[in-house]
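First the proteins, then the strands, lettered A, B, ... as listed; each starts at 1.
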Number of protein chains: 2
Amino acid sequence: MPHPHPPSDAAPLAERLRARGLRLTTQRQRVLAAVAALEHATPEEIASQLREEAGPGGAAPDTSTVYRNLELLERLGLVWHTHLGKGAPVYHAAEHPHLHVVCAGCGEISSVDPALLDGAAERLAADLGFQLDVGHVALSGTCRACRERAGSES
Amino acid sequence: MPHPHPPSDAAPLAERLRARGLRLTTQRQRVLAAVAALEHATPEEIASQLREEAGPGGAAPDTSTVYRNLELLERLGLVWHTHLGKGAPVYHAAEHPHLHVVCAGCGEISSVDPALLDGAAERLAADLGFQLDVGHVALSGTCRACRERAGSES
DNA sequence: TTAACTGCAAAAGGTTTGCATTGGA
DNA sequence: TCCAATGCAAACCTTTTGCAGTTAA
């Protein structure tokens, strides 16, 4: 993951910020880039990744800035977050939406095709008028490895 | 919600505790009863419900006891928790499993038939060997009211 | 220039832990 | 009796907030 913050990501960010009268800062670009690079990262992981990129002596965005910007980027529609387990939420870039599947046993995260929930989404829309937001959904359960492990114990 | 802690709930609890050499305490019975009565309650809500039940002068379980027992009850398979939004997790009784649908706009929680995800569960099992745990799933999106509200603004 | 943004530090919220005491089996 | 469980208080971790200094536009 060598590329710190590809300029290609800056374009839609700059546009959306300008449209709202907000400012393009290096911190915002870096946070967005880190989210895209890390996939499934918690705010803390994002902050520490930025610290690492900055290196000793370099200035990384403050933790509070990371939080504020994650919230902003989400409002701008550039990132999404999901709650996978008990702990912190994880953020991922909004492009190429995918569905998260988490194993409650080992914590492993898989990404699956959002189309998996098309049927359920239709039914919710028809029955409740509820619009399912697939990007925010996390499915939890037990992966094959953990099931086998549990089976051989007890 | 008049019944503080129906004795009917105590039976499976006592059994499962005894099977593991653990003890049946009044605190455990109360926590379990509160989870069942409140539905979708956070640990904090459960603790404060218990304080209310105890009344002034009465002794309610300490917050740490509530946490410890929620964890235990979950290990015993009597309650489940789900993360609905950013805040605290919510607990519900493990009997009559249901699926949570949360509106990201207003926070309203609906319960829907777990069968909604049968198709998705089958596919996950077939493709990944992943066993979907429907009780832990929370679907987020936007309810009809919030969609209409958003549409009439901006 | 000027208001949005950041960094810092302190506060808040939720959860966990250590330890002496209590109480179920 | 004996050890699991509780209560209490302090610690912890993550997230939020107030404010003065900084910086994009």
Check: [N] base within 3.5 Å donor-acceptor of [X] side chain:
| X | N | value |
| --- | --- | --- |
| A:Arg23 | C:dA3 | yes |
| B:Arg18 | C:dG24 | no |
| B:Arg28 | C:dG24 | no |

[X] side chain: which of [options] is closest?
| X | options | answer |
| --- | --- | --- |
| A:Ser64 | D:dT6, D:dC8, D:dT17 | D:dT17 |
| B:Thr25 | D:dA5, D:dG7, C:dT16 | D:dA5 |
| B:Thr65 | C:dA4, C:dT15, D:dT6 | D:dT6 |

- prompt: So, are B:Arg75 and B:Glu71 salt-bridged, with charged N and O less than 4.0 Å apart?
  reply: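 Salt bridge flag = yes for B:Glu71 with B:Arg75.
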- prompt: With a 4.0 Å cut-off, would you call A:Arg51 and A:Glu44 a salt bridge?
  reply: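 Counted as a salt bridge, because a side-chain N and a carboxylate O are separated by less than 4.0 Å.
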I need the [atom1]-[atom2] distance between [X] and [N], as an integer number of Å.
| X | N | atom1 | atom2 | answer |
| --- | --- | --- | --- | --- |
| B:His81 | C:dT15 | NE2 | C1' | 13 Å |
| B:Gln29 | D:dT6 | CD | C1' | 15 Å |
| B:Leu76 | D:dA4 | CG | C1' | 14 Å |
| A:Leu22 | D:dA25 | CG | P | 10 Å |
| A:Arg68 | D:dT14 | CZ | P | 19 Å |
| B:Leu73 | D:dA5 | CG | P | 12 Å |
| A:Asp62 | D:dT16 | CG | C1' | 12 Å |
| A:Gln27 | C:dA4 | CD | P | 17 Å |

- prompt: When the nearest nucleotide of DNA chain D is assigned to B:Ala59 and to B:Gly21 on a heavy-atom basis, which residue is associated with the more 5' position?
  reply: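 The 5'-side residue here is B:Gly21.
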- prompt: Which sits closer to the 5' end of DNA chain D, B:Thr63 or A:Pro43, going by the nucleotide each is nearest to?
  reply: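 Nearest-nucleotide comparison on DNA chain D picks B:Thr63.
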- request: Report the residue (B:Thr26 or B:Glu44) whose heavy-atom-nearest nucleotide on DNA chain C is the more 5′ of the two.
  value: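 Residue closer to the 5' terminus by nearest nucleotide: B:Glu44.
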message: For B:His40 versus B:Ser111, what's the shortest heavy-atom pair and its separation?
response: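 It is NE2-OG, 3.5 Å.
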message: Testing the basics here: between A:Pro43 and A:Val66, what is the closest heavy-atom pair and its distance to 0.1 Å?
response: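 Result for this residue pair: O-CG1, 4.0 Å.
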Student check: side-chain heavy atoms of A:Arg23 and A:Leu17 closer than 4.5 Å: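 A side-chain contact under 4.5 Å is absent here.
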